[in-house]
Amino acid sequence: MTPRQPPAPGPSSDDELASPGGGADDAGHASVDWDRLISQLADQPQEDGWVTLQEASSAAGVARSTLRSWYRAGHIPSRMVAGTHGPQRLVPLDAVVDRALQSSRARRQLEQARSLEAEVEDLRRRIRAIERHLGLDGGG
């Protein structure tokens with residue numbers, strides 16, 4: 001079993017970087033030029049709106065495995081950047097949220113969250129009314 005090579009930098013790219021001489025290992029697979037890969041990752045500019053898979057997962061309520069399938073299928077862009085513990089994949093949060101809203105499951109979760117927020121606000125209004133009625137609102 002051959003270890004999986006990391007994807008090359010760039011949007012939705014799952015290609016491997018071959019070594020400068022186009023060399024191959026003993027099994028005939030293209031070898032990765034790690035120095036070149038790290039250099040390319042370090043040279044990429046930071047852009048606003050691009051977040052880690054974990055951040056996108058938390059913000060959009062979508063599993064990281066779902067995000068991976070989306071960028072592999074080309075539904076959302078992604079790119080690799082140099083991270084503190086090695087290369088890290090980023091995705092644009094706006095694209096993730098837009099894609100999540102296309103999902104009926106995600107829409108239901110969002111609608112449920114909105115209805116809970118409305119219910120909480122209604123309860124807060126009722127509590128304030130009761131406090132005013134009991135004279136607990138501090139207004140005398």
Side-chain angles (χ1 to χ4, degrees):
M1 184 167 163
T2 308
R4 186 175 176 165
Q5 299 294 333
S12 302
S13 176
D14 288 329
D15 298 334
E16 297 175 353
L17 280 180
S19 61
D25 60 17
D26 293 338
H29 301 285
S31 58
V32 175
D33 181 354
W34 290 103
D35 292 332
R36 181 173 161 219
L37 174 64
I38 291 171
S39 172
Q40 286 178 343
L41 293 176
D43 291 342
Q44 290 184 353
Q46 293 294 325
E47 294 181 35
D48 289 337
W50 288 76
V51 296
T52 65
L53 293 181
Q54 180 60 45
E55 292 167 327
S57 173
S58 297
V62 176
R64 286 188 294 180
S65 59
T66 301
L67 295 173
R68 282 189 210 92
S69 69
W70 286 353
Y71 70 71
R72 288 177 181 151
H75 297 301
I76 60 172
S78 73
R79 65 187 183 111
M80 297 292 288
V81 297
T84 55
H85 299 289
Q88 185 171 351
R89 185 165 303 272
L90 299 181
V91 292
L93 185 56
D94 290 342
V96 170
V97 171
D98 289 344
R99 176 69 180 156
L101 290 175
Q102 293 174 13
S103 161
S104 60
R105 181 178 179 185
R107 263 197 318 273
R108 279 194 308 273
Q109 289 174 336
L110 182 60
E111 289 168 0
Q112 185 178 32
R114 285 182 180 164
S115 66
L116 287 175
E117 287 177 24
E119 190 173 335
V120 167
E121 186 54 38
D122 184 50
L123 290 172
R124 286 183 178 145
R125 278 193 296 271
R126 290 179 183 199
I127 289 170
R128 286 192 298 266
I130 291 170
E131 288 175 341
R132 279 193 305 273
H133 178 74
L134 296 174
L136 300 175
D137 64 349

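If you're wondering where the values come from, they're calculated on a predicted model, not measured in any experiment.
Smallest separation of non-hydrogen atoms from P92 and P77: CD-O, 3.2 Å. Of all heavy-atom pairs between A60 and V97, the closest is CB-CG2, 4.4 Å. Smallest separation of non-hydrogen atoms from G83 and Q88: CA-OE1, 3.8 Å.
No side-chain heavy atom of V81 sits under 4.5 Å from any side-chain heavy atom of W50. The shortest distance between side-chain heavy atoms of T66 and R68 does not fall below 4.5 Å. With contacts defined as side-chain heavy-atom distances shorter than 4.5 Å, the pair L67/V96 qualifies. Inter-residue side-chain proximity for W70 and S65 is flagged as unmet; no heavy-atom pair is nearer than 4.5 Å.
When only modelled atom types and interatomic distance are considered, S57 and R64 share no side-chain donor-acceptor pair under 3.5 Å.
Going from atom CD1 of I127 over to atom CG of D122 covers 10.0 Å, rounded to the nearest 0.5 Å. Atom CG of L90 sits about 8.0 Å away from atom CG of L53, to the nearest 0.5 Å. Atom-to-atom distance recorded for T52:OG1 and R89:CZ is 12.5 Å, nearest 0.5 angstrom.
Annotation: side chain to side chain contact (heavy atoms under 4.5 Å, CB included) contacts of A59 (sequence neighbours excluded): L93. The side chain to side chain contact (heavy atoms under 4.5 Å, CB included) search around S58 returns Q54, not counting sequence neighbours.
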Inset, instruction - Quick one: do R128 and E121 satisfy salt bridge (Lys or Arg N to Asp or Glu O under 4.0 Å)? Show the steps, please. - result: CA-CA 11 Å; R128 286 192 298 266; E121 186 54 38; 3.5 Å; yes

